[in-house]
Amino acid sequence: MTKTKFKNLALGGFILAAFVSQTGCKPTDLSKENLIPKPVSVVATGSSFDLTDQTDIYVQGEAAELIQIGQFLADKLNPSTGLGIEVKTTIEAPGPGNIFLSLSGTDAELGNEGYELTITDKSVNLVANQPAGLFRGIQSIRQILPSRVEMADKQKGPWKLATGTIRDYPSYGYRGSMLDVARHFFGVEDVKNLIDQLAYYKMNVLHLHLSDDQGWRIEIKSWPNLTAHGGKTEVGGGEGGFYTQEQYSDIVKYAQDRYITIVPEIDMPGHTNAALASYAELNCSGKATELYTGREVGFSTLCTNKEVTYKFIDDVIRELAALTPGEYLHIGGDESHVTKIEDYIPFMNRVQDMVIAHGKKVFAWDEIALATLKPNTVVQYWAKAENAVKGVEQGAKVLISPAKYAYLDMQYDSTSTYGLHWAGYVEVDKGYNWDPANLEPTIKKENIIGIEAPLWTETVGTREEAEYLIFPRLLGYAEIGWTPTELRSWDEYKIRLANHGERMKAMKISFYPSKLVNWDAKDKK
Ligand code: ACM
């Protein structure tokens with residue numbers, strides 16, 4: 001139906017009422033849209049903009065980056081709407097009926113990822129300081145449209161956007177998730193799928209846990225046996241797998257195109273059995289270990305007193321740094337239960353220097369705060385608040401991932417199909433109802449770089465199994481990272497979350513249908 005025809009139809013109130021009941025269309029109110037994460041500010045003006053077959057996406061100037069962002073939006077809208085929306089460039093604002101993406105660079109409050117979206121009955125105008133802000137803003141455009149816009153095949157219109165203005169920017173600069181590809185290997189397509197899901201909820205980091213006792217997942221050309229041998233196993237005895245450097249670079253680029261940074265982790269000195277099984281010389285005994293497919297942790301360590309260990313680490317860090325456009329490399333450091341503390345501390349100090357020498361900053365799990373933190377090292381708080389506090393006392397920033405709130409592998413309750421519960425059960429409300437800046441008096445907002453929700457994969461080996469644990473909790477973590485705490489409440493969030501049930505189904509996400517959420521409250525647009 002074209003816009004003109006729709007307007008004519010709307011002239012008769014009776015006919016309009018019949019139309020409304022037939023199509024499930026409702027009056028539009030931008031402030032009632034079910035955006036996740038919730039925007040900082042929404043002012044509704046009570047009308048609507050119709051996407052039609054006349055609508056195009058205009059981007060300001062000829063910059064390839066803006067054209068790519070416009071094309072990303074067109075590629076999301078066209079399969080379901082069938083409107084054949086094209087991307088065009090322009091200097092001036094386009095005529096009525098179009099979407100316009102432009103950079104302004106003068107609105108300090110919006111920062112690098114913020115945006116202002118102004119929708120009138122005549123136009124959709126998205127402005128940001130940086131391309132990343134435009135990319136975050138187009139996710140809001142997608143979420144204001146009916147959930148069927150996310151379907152892969154053609155759906156019935158109308159395609160209305162409620163009018164008003166959204167001004168929006170994140171609370172934290174780091175909003176991430178982690179995928180453990182070591183306990184179970186996940187292929188390139190699964191990782192890309194997760195990246196798309198993170199992007200939809202305005203998250204900006206995917207941390208990949210690339211090595212552990214059960215498998216080594218990234219090709220290191222100078223130590224080929226790491227993957228040739230150490231990549232062949234996973235928990236439960238499956239065939240494992242690894243990324244070639246080319247495949248890994250493809251993931252990194254895919255993420256970059258979505259304004260998402262990949263943070264690679266090589267865990268050390270513990271969690272290293274796959275390396276110890278691949279190279280005998282890394283063991284203090286000089287003998288290679290057996291490959292391992294169990295779930296226990298804390299039994300392995302690199303030989304911290306051998307020089308070859310540091311040659312090995314330097315080669316790994318050099319190759320990984322060359323594949324990493326992001327600022328950070330993660331060096332693990334957790335649960336090294338069989339490394340003596342007097343060996344652990346100098347080891348972590350030396351490896352931090354190696355990361356810095358290769359031009360990167362260090363991330364590590366909270367145990368690293370037992371060592372001497374180098375400038376810019378970030379402490380990832382997962383287990384012990386006292387370690388995170390030690391990090392702050394050394395002047396470090398903290399990444400907030402407490403297992404009892406933010407671990408995606410914790411079961412929802414005692415009936416959960418997958419997951420573990422060593423840190424407790426994390427129902428969807430518990431995962432949402434906390435504030436990173438209010439966990440410890442010493443760890444204040446200014447000490448926090450952001451939040452991350454890790455998925456450890458001892459119990460899940462397929463995309464569907466992983467999604468059961470990731471969704472719907474990921475949406476809550478995205479909101480904790482983006483939305484100011486004072487704007488968040490579980491009672492209001494659970495209604496928006498219910499409406500995302502339809503969206504997640506449209507995107508074919510196998511989410512856990514928590515009983516705490518009334519999923520039947522369908523998106524009625
Ligand atoms: C961890 O969960 N061992 C960081």
Side-chain angles (χ1 to χ4, degrees), residues 3 49-107 110-120 122-145 149-152 154 159 161 165-170 188 192-193 195-206 249-262 325-326 507:
K3 191 164 164 182
F49 174 89
D50 294 80
L51 284 185
T52 72
D53 56 5
Q54 303 300 306
T55 303
D56 285 316
I57 297 168
Y58 283 80
V59 302
Q60 186 190 40
E62 300 286 337
E65 194 170 358
L66 296 206
I67 294 171
Q68 185 172 305
I69 294 168
Q71 195 58 52
F72 182 95
L73 180 59
D75 291 345
K76 293 293 173 194
L77 302 183
N78 282 331
S80 54
T81 65
L83 294 174
I85 295 168
E86 291 176 17
V87 178
K88 299 179 173 166
T89 58
T90 177
I91 304 297
E92 302 287 320
N98 293 300
I99 299 172
F100 183 39
L101 314 182
S102 64
L103 294 176
S104 130
T106 57
D107 193 336
L110 296 182
N112 289 340
E113 290 185 279
Y115 64 92
E116 185 170 284
L117 175 62
T118 308
I119 306 168
T120 69
K122 297 198 176 47
S123 66
V124 175
N125 195 13
L126 180 63
V127 185
N129 293 328
Q130 297 290 335
L134 292 178
F135 189 80
R136 305 295 172 234
I138 65 175
Q139 311 314 318
S140 295
I141 295 175
R142 292 170 67 190
Q143 290 195 14
I144 295 167
L145 285 161
V149 81
E150 300 303 336
M151 308 276 276
K154 193 157 180 303
W159 302 103
L161 288 134
T165 298
I166 297 178
R167 270 183 72 76
D168 202 14
Y169 45 88
V188 172
K192 287 183 174 176
N193 189 55
I195 289 169
D196 277 324
Q197 293 163 343
L198 298 175
Y200 190 63
Y201 292 106
K202 301 189 175 81
M203 296 183 98
N204 64 0
V205 180
L206 176 62
S249 294
D250 181 37
I251 291 173
V252 169
K253 167 81 170 68
Y254 191 85
Q256 264 187 318
D257 286 347
R258 285 147 185 79
Y259 299 88
I260 288 177
T261 303
I262 300 290
M507 292 187 282

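Under the 4.5 Å side-chain criterion, counting only non-hydrogen atoms from C-beta, K202 is not in contact with P170. Using a 4.5 Å heavy-atom threshold, the side chains of Y200 and E150 count as touching. Inter-residue side-chain proximity for V59 and L134 is flagged as unmet; no heavy-atom pair is nearer than 4.5 Å. For the pair T90 and F100, the minimum side-chain heavy-atom distance is below 4.5 Å. Side-chain contact between L77 and L145: present, with at least one pair of heavy atoms (C-beta onward) separated by less than 4.5 Å.
Between D196 and K192 there is no salt bridge, since no side-chain N of the basic residue sits under 4.0 Å from a carboxylate O of the acidic one.
Taking both residues in full, the closest heavy atoms of I91 and G61 are given as CD1-CA, 4.3 Å, listed atom of the first, atom of the second, then distance. The two residues A152 and P79 have their closest heavy-atom pair at O-CB, 3.5 Å. The two residues A74 and I85 come nearest to each other via the heavy atoms CB-O, 3.8 Å. For the residue pair S80 and W159, the shortest heavy atom distance occurs at O-CZ2, 3.7 Å. Between G326 and T261, the closest heavy-atom pair is CA-CG2, 3.9 Å.
In this structure, E62 CD and I67 CD1 are separated by 6.0 Å, a value rounded to the nearest 0.5 Å. L126 CG to F135 CZ: the interatomic distance, rounded to the nearest 0.5 Å, is 12.0 Å. Atoms CG and CG, from N112 and N204 in turn, are 10.5 Å apart once rounded to the nearest 0.5 Å. The OG atom of S140 sits 11.0 Å away from atom CG of L161, with the distance rounded to the nearest 0.5 Å. Taking CD from Q139 and CG from L117, the interatomic distance works out to 12.0 Å, rounded to the nearest 0.5 Å. Note that OH of Y58 is 11.5 Å distant from CD1 of I99, once rounded to the nearest 0.5 Å.
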Derivation of the side-chain contact (heavy atoms from CB on, under 4.5 Å) call for Y201 and Q197: CA-CA 7 Å; Y201 292 106; Q197 293 163 343; 5.6 Å; no

Full working for side-chain contact (heavy atoms from CB on, under 4.5 Å) between V149 and L51: CA-CA 11 Å; V149 81; L51 284 185; 5.9 Å; no

side-chain contact (heavy atoms from CB on, under 4.5 Å) between I251 and I195, intermediate numbers included: CA-CA 9 Å; I251 291 173; I195 289 169; 4.0 Å; yes

Verdict with supporting geometry, R142 and I138, side-chain contact (heavy atoms from CB on, under 4.5 Å): CA-CA 6 Å; R142 292 170 67 190; I138 65 175; 5.6 Å; no

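With hydrogens and angles disregarded, a donor-acceptor distance shorter than 3.5 Å links the side chain of T120 to the backbone of S123. In terms of modelled atom types and a separation under 3.5 Å, the side chain of Q60 and the main chain of L103 share a donor-acceptor contact. Here the side chain of T165 pairs no donor or acceptor atom with the backbone of T118 at under 3.5 angstrom. Side-chain N or O atoms of N78 include one that pairs as donor or acceptor with a backbone N or O of G84 at under 3.5 Å. The closest donor-acceptor contact from the side chain of D168 to the backbone of Y115 lies at 3.5 Å or more, if one exists at all.
Annotation: salt bridge (charged side-chain N to carboxylate O under 4.0 Å, His left out) contacts involving residues 87-107, sequence neighbours excluded, comprise D56-K88, D107-R167.
In this structure E113 satisfies the salt bridge (Lys or Arg N to Asp or Glu O under 4.0 Å) test together with R136, R175, sequence neighbours excluded.
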